[in-house]
Amino acid sequence: LVHDRSLFHHTTSDMMNSQKSRASMSFNISLADQRALVTGASSGLGPVIARTLDGAGASVILHYHQNEQGASNVAADLKQAAGCLQADLTDPESVAQLFSSATEDGPVSILVNCAAVESQQVSDLAAMDQARWDTTLQANLGAPFLLSRLFAAQGVPGSIINISSIEGDRKSTRLNSSHQIISYAV
């Protein structure tokens with residue numbers, strides 16, 4: 001467990017910027033016979049997480065929304081890629097189908113909720129309309145909740161890892177972006 005998010009942020013930033021992020025990373029743990037589903041695996045921190053899990057021996061299922069080429073590139077780097085699955089995390093039916101497809105060959109024992117929408121795209125909360133807010137909430141909070149609930153319903157031991165932005169921990173006199181508010185919620 002990482003309790004100091006600033007340490008984690010710097011560590012993952014360093015990993016993403018280093019040559020090691022392009023290669024499979026391994027640790028002194030074995031995740032052999034484990035199946036992992038990583039959302040947002042086509043860009044950002046997702047590929048680093050997928051490569052790390054693969055390096056520890058897990059079979060990794062890569063989720064992407066629109067960046068199929070990015071997911072395919074990550075899959076090509078993995079020794080044990082279990083496939084790339086497309087899903088729109090703003091649509092609960094698509095989320096349920098993602099998990100159903102991910103578990104066709106057996107239960108998922110590691111769920112990494114890493115996907116997010118909006119990120120830094122909307123910095124002025126006053127300019128955000130209700131529809132965009134609802135979409136952002138569904139993708140960034142609703143989808144991880146639904147996936148976690150489906151994961152728990154499998155009834156098998158495992159781990160759920162929810163990735164959030166450091167924005168949720170930044171000091172601010174007021175919350176001025178949807179990204180900051182949702183990061184804090186996660």
**OP:** Find out if a path of hydrophobic residues (ILVMFWY) with successive side-chain heavy-atom gaps under 4.5 Å connects Phe145 to Ile160.
**Re:** no
Subject >> Under 3.5 Å: donor-acceptor pair, side chain of Ser109, backbone of Gln34 >> reply: no
**OP:** Look at the side chain of His65 and the backbone N and O of Leu89, then say whether any donor-acceptor pair between them is shorter than 3.5 Å.
**Re:** no
**OP:** Tell me whether Leu141 is reachable from Trp133 by hopping between hydrophobic residues (I, L, V, M, F, W, Y) whose side-chain heavy atoms are closer than 4.5 Å.
**Re:** yes
Subject >> Shared hydrophobic cluster, Val108 / Ile29 (ILVMFWY, side-chain heavy atoms < 4.5 Å) >> reply: no
Subject >> Nearest heavy atoms of Val74 and Arg51, plus distance in Å >> reply: CG2-NH2, 4.0 Å
Original post:
Between the side chain of Asn162 and the main-chain N/O of Asn113, is any donor-acceptor distance below 3.5 Å?
Top reply: no
Original post:
Which of these, Val60, Ile161, Val48, sits in a side-chain contact (heavy atoms from CB on, under 4.5 Å) with Leu53?
Top reply: Val60
Original post:
If you measure from CG on Asn67 to CG on Leu62, what distance do you get to the nearest 0.5 Å?
Top reply: 11.5 Å
Original post:
How far apart are the closest heavy atoms of Leu146 and Pro92, and which atoms are they?
Top reply: CD2-O, 3.5 Å
**OP:** Taking atom types as modelled, find out whether Asp134 and Gln138 have a side-chain donor-acceptor pair closer than 3.5 angstrom.
**Re:** no
Taking distance alone, no hydrogens or angles, what donor-acceptor pairs closer than 3.5 Å link side-chain atoms of residues 93-100 to residues at least two apart or in another chain?
from	atom 1	to	atom 2	distance (Å)
Ser94	OG	Asp88	N	2.9
Gln97	NE2	Ser101	OG	2.9

Original post:
Do Ile49 and Ile163 have side chains that get closer than 4.5 Å, going by heavy atoms?
Top reply: yes
**OP:** State the CG-CG distance between Leu37 and Leu150, to the nearest 0.5 angstrom.
**Re:** 10.5 Å
**OP:** Count the heavy atoms belonging to other residues, nucleotides or ligands that lie under 6.0 Å from CG of Asp33, then report whether that count exceeds 12.
**Re:** no
Original post:
If you look at every heavy atom in Ala50 and Leu78, which pair is closest and at what distance?
Top reply: O-CD2, 3.9 Å
Original post:
Taking side chain as C-beta onward, heavy atoms only, is Asn73 less than 4.5 Å from Gln69?
Top reply: yes
**OP:** Go through the steps to decide whether Leu111 and Ser148 satisfy the test side chain to side chain contact (heavy atoms under 4.5 Å, CB included), and finish with yes or no.
**Re:** CA-CA 8 Å; Leu111 170 62; Ser148 297; 4.0 Å; yes
Subject >> Nearest heavy-atom neighbours spanning Gly46 and Cys114 >> reply: N-SG, 3.7 Å
Subject >> Nearest heavy-atom neighbours spanning Pro47 and Ala41 >> reply: CG-O, 3.3 Å
Original post:
Going by heavy atoms in the side chains, are Arg35 and Ile110 under 4.5 Å from each other?
Top reply: no
**OP:** State the OG1-CG distance between Thr90 and Leu137, to the nearest 0.5 angstrom.
**Re:** 12.0 Å
Subject >> Shared hydrophobic cluster for Leu147 and Ile61 (ILVMFWY, side-chain gaps under 4.5 Å) >> reply: yes
Original post:
Taking all non-hydrogen atoms of both residues, which atom of Ala75 and which atom of Cys84 are closest, and how far apart?
Top reply: CB-SG, 3.8 Å
